[in-house]
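See structure below.
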Amino acid sequence: MATNKKLKWSKYSQLIVPVLSIVLIVIFNLFRDPSFFSIEITTNNAGSTVLTGNLVSILNGASELAILAMGMTLVTAACGGQDISVGALAAIAGSVFVKVLRAGEITPVTIALGIVACCAVAMVFGAFNGTLVSVFKIQPMIATLVLFTCGRSVAYWINGGATPTVESPLITAIGSFIPGVPVPTPILIVVLMAILIGLLFKFTTLGLYTQTVGINQRAARLNGINTTGIKLVSFMILGVCCAVAGVIAVSRLSLINHETLLLDIEMDAILAVAIGGNALSGGKFKITGSVLGAYAIQALTITLYAMKVPSTDVKAYKAIVIILIVVIGSPVVKAKLSQVWKNIRSGKAEKEAAV
Amino acid sequence: MKLNKSLKRREPLTDTQLLLTITICIFFGMYFLAMAIWGGGFLRWQQVFDMLNNNAALIIVACGLTIVMIGGGIDISVGGVTALVVMSCIVHMNNGGSIFTAVLLALGIGVAFGLVQGYLISYLEIQPFIITLAGMFFARGMTTIVSLEPQKIAHEGFKQLMKTKIEIPLLGYTAKNGNLIPARMEIGVVVALLIVVIVFILLKKCRLGRQFYAMGGNSQSAMMLGVNVKRTRFYSYLISGTLSGIAGFVFMMHTGAGNATNAAGAEMNAIASSIIGGTLLTGGVGNVIGTLFGVLTLTTIKSIVTVSGLRDPWWQSITTGAMLCFFIVLQSVVLANRGKGGLKKMLPGWLKKPEETDAGKL
């Protein structure tokens with residue numbers, strides 16, 4: 001019974017760090033300003049009732065990051081390395097989306113076409129990264145450095161060097177609110193993606209195989225798993241995630257700016273994976289952890305904004321918090337803490353025995 | 001006796017001399033091609049010195065990164081630290097500080113980053129990517145906290161130092177009016193080249209340098225052979241941090257202005273240069289001379305793209321990306337065939353070393 005309980009706990013022990021960091025941020029905010037958590041029901045410009053408040057903006061703002069973190073977790077688990085080209089790839093996908101939409105009238109059909117087109121393009125680029133990693137055996141960070149260097153320029157080139165706009169109520173519906181639904185659409189898209197990926201793991205062996213490849217590639221291959229294929233698929237799934245994130249980011253502003261679209265998001269996405277308790281060297285993974293990590297990062301950012309920290313300075317404070325979190329979560333400190341805990345407990349036990 | 005002698009021939013530690021040779025050949029090939037096609041600026045020595053002048057800071061940063069990468073780590077905070085040093089030193093000097101204290105400040109910031117990051121990575125065993133990423137965020141954020149507005153240097157002595165250039169009349173060219181214009185080299189270049197030489201000696205001749213290779217190749221066996229892996233790793237980040245501090249000062253001597261976006265993307269450029277120069281991110285393999293040529297190759301590509309009329313802003317990074325892709329695929333192919341003799345089979349017979357031919361084998 002006791003071992004069973006332990007097993008159950010160890011299954012979730014990975015989630016301790018992200019949950020702890022979210023709880024810390026929440027407690028900090030409770031002390032700082034309890035009204036931080038108030039959610040209001042207001043009427044927006046379009047006349048529909050919507051939810052507003054810091055909590056909603058945390059959930060809403062972290063949407064792209066959460067989606068990218070899902071794909072990044074897979075790539076990290078399978079390849080033991082990270083993709084640093086996700087921001088650039090999202091910019092390319094966004095450009096393709098805009099290009100398709102600007103070709104004619106914006107209708108639900110063209111939007112669907114645009115999404116399919118940008119997913120396809122992003123998958124091709126994902127497959128390019130995946131080929132470099134799996135066939136040519138280049139470390140993921142280096143392989144994706146290629147797309148990182150030239151991705152934004154390719155995005156620029158697709159639209160001929162302009163920053164075009166796509167104005168339509170349909171695009172606004174994707175980027176902010178569907179009329180009549182009080183929850184921001186990006187949150188719904190995250191839920192949809194989470195369900196899709198959940199189903200993928202439920203009904204295929206992808207999750208298990210990915211873990212196996214990440215833990216021991218040779219053993220996986222000797223057991224008949226197509227390691228090259230698994231890596232390639234993980235990169236292609238990440239490509240789709242990038243495309244969805246790109247579409248959301250474009251729809252938010254109804255325009256695309258290749259230089260600033262999801263800038264530096266690759267770093268945040270990797271951070272989300274790490275805070276989520278996944279080993280950056282691959283192997284076991286938990287996508288829930290990464291998504292929680294993404295929300296923790298966004299909660300931290302919004303808290304800093306609420307404290308009137310200028311947006312340019314946020315990075316410095318973020319860095320300090322990140323370092324604190326990873327230091328607490330580091331194996332050495334964990335071992336020391338558990339040693340201290342053990343000493344305290346054994347001391348107690350001795351006392352009890354003495355009594 | 002004869003057999004003994006042939007056995008004594010020192011085998012190179014790694015096969016990557018080949019990678020280094022390829023990089024150097026491609027650099028010279030590209031440069032000579034540019035000379036032949038576009039002539040003009042490429043025919044003058046000044047072009048070479050300009051490449052060095054503009055990239056002295058990048059060379060220094062890339063040297064530090066090469067050491068870290070040989071040790072099997074990664075340091076992406078270097079660009080941020082460089083920017084922070086530039087901004088702080090300029091603000092310091094504009095508020096009445098002297099050049100000497102500015103140098104101390106630059107070194108101090110670099111060493112501080114190296115110490116903290118090195119400690120966290122080597123003694124607390126946290127992933128280097130996360131720590132140096134946080135370091136980058138911190139440095140970039142601090143840069144804007146120090147000053148959000150772009151700063152221009154107002155210190156007279158430093159302006160004088162910036163203008164001081166080493167003139168080499170021998171490599172100059174004659175202008176249209178008959179005056180000899182000597183080639184000019186900035187002081188930063190001397191610093192950069194000196195650092196390349198020092199790092200080269202450190203890596204090839206010192207115990208610490210060899211320990212970097214051992215640790216990067218296989219930290220487990222290095223530890224079993226008595227290398228203090230934690231301390232060695234700590235030193236690698238310390239050196240990298242210190243060099244980024246120096247790079248910041250050199251950067252300032254070149255531009256004389258501080259901006260929040262200074263040295264943007266320097267970390268990726270430095271990583272790319274190291275890779276083109278034959279350093280592997282897995283560790284244990286690398287050469288600082290290769291890194292120097294990596295920087296020069298990247299710069300040459302950029303100037304060729306500009307000269308050849310592809311003036312649209314996107315072409316430069318697209319070609320850089322394509323070149324990078326070519327180099328990493330080449331590296332991967334070379335390394336995959338390492339030890340199998342696959343590459344040697346491709347060479348024509350007269351290029352083979354005598355002992356590898358059948359006659360040599362006996």
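Numbered from 1 within each chain, the chains take letters A, B, ... in sequence-line order.
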- Gap separating the CZ atom of A/F148 from the OG atom of B/S317, nearest 0.5 angstrom: 11.0 Å
- Heavy-atom contact with chain B under 4.5 Å, split by part of A/L147: neither
- Message: Quick check on A/L145 against chain B: is it the side chain, the backbone, both or neither that has a heavy atom closer than 4.5 Å?
- Response: both
- Short side-chain to backbone donor-acceptor contact, A/S153 and B/I318, under 3.5 Å: no
- Taking every heavy-atom pair that is under 4.5 Å apart, which of A/A279, A/A155, A/A319 has the most such pairs with chain B? A/A319
- Quick one: are A/V332 and B/Y123 in side-chain contact, heavy atoms under 4.5 Å? no
- So which part of B/Q127 gets closer than 4.5 Å to some heavy atom of chain A, the side chain, the backbone, both or neither? side chain
- Item | Any side-chain heavy-atom pair of A/I84 and B/M268 under 4.5 Å | yes
- Query: Most heavy-atom pairs under 4.5 angstrom with chain B, which of A/A274, A/C150, A/G151?
  - Reply: A/C150
- A/T149 to B/G321 - nearest heavy-atom pair and separation: CB-CA, 4.4 Å
- Using the ring of B/F137 (Phe, Tyr or Trp, six-membered ring only), decide whether A/K315 places NZ or CZ under 6.0 Å from its centre and within 45 degrees of its axis. no
- Could you grab the distance from atom CD1 of A/I142 to atom CD1 of B/I74, nearest 0.5 Å is fine? 6.0 Å
- Item | Most chain B-contacting option - heavy-atom pairs closer than 4.5 Å, from A/M141, A/Q82, A/K137, A/K318 | A/M141
- Measure distances from B/L124 to the heavy atoms of chain A and classify the residue's part below 4.5 Å as side chain, backbone, both or neither. both
- Item | Contacting moiety of A/I138, where chain B heavy atoms sit under 4.5 Å | side chain
- Note on the structure: Tightest non-hydrogen contact, residues A/F136 and B/V329, listed as CE2-CG1, 3.6 Å
- First locate atom CG of A/D313, then atom CZ of B/R140, and finally report the distance between them rounded to the nearest 0.5 Å. 14.0 Å
- Query: Out of curiosity, B/C325 SG to A/L132 CG, how far, rounded to the nearest 0.5 Å?
  - Reply: 5.0 Å
- Item | Contacting moiety of A/V333, where chain B heavy atoms sit under 4.5 Å | side chain
- Given side chains that start at C-beta, do those of B/I145 and A/Y317 come closer than 4.5 Å, heavy atoms only? yes
- Residue selection (most heavy-atom pairs with chain A, distance under 4.5 Å) from B/I126, B/I271, B/L148: B/I126
- Largest heavy-atom contact set with chain A, pairs under 4.5 Å, which of B/N269, B/T320, B/I130: B/I130
- Note on the structure: Note: vs chain A, highest number of non-hydrogen pairs under 4.5 angstrom among B/A272, B/G141, B/G135 is B/G141
- Message: Show the nearest heavy-atom pair for residues B/M142 and A/A316, with the distance to one decimal.
- Response: N-CB, 3.9 Å
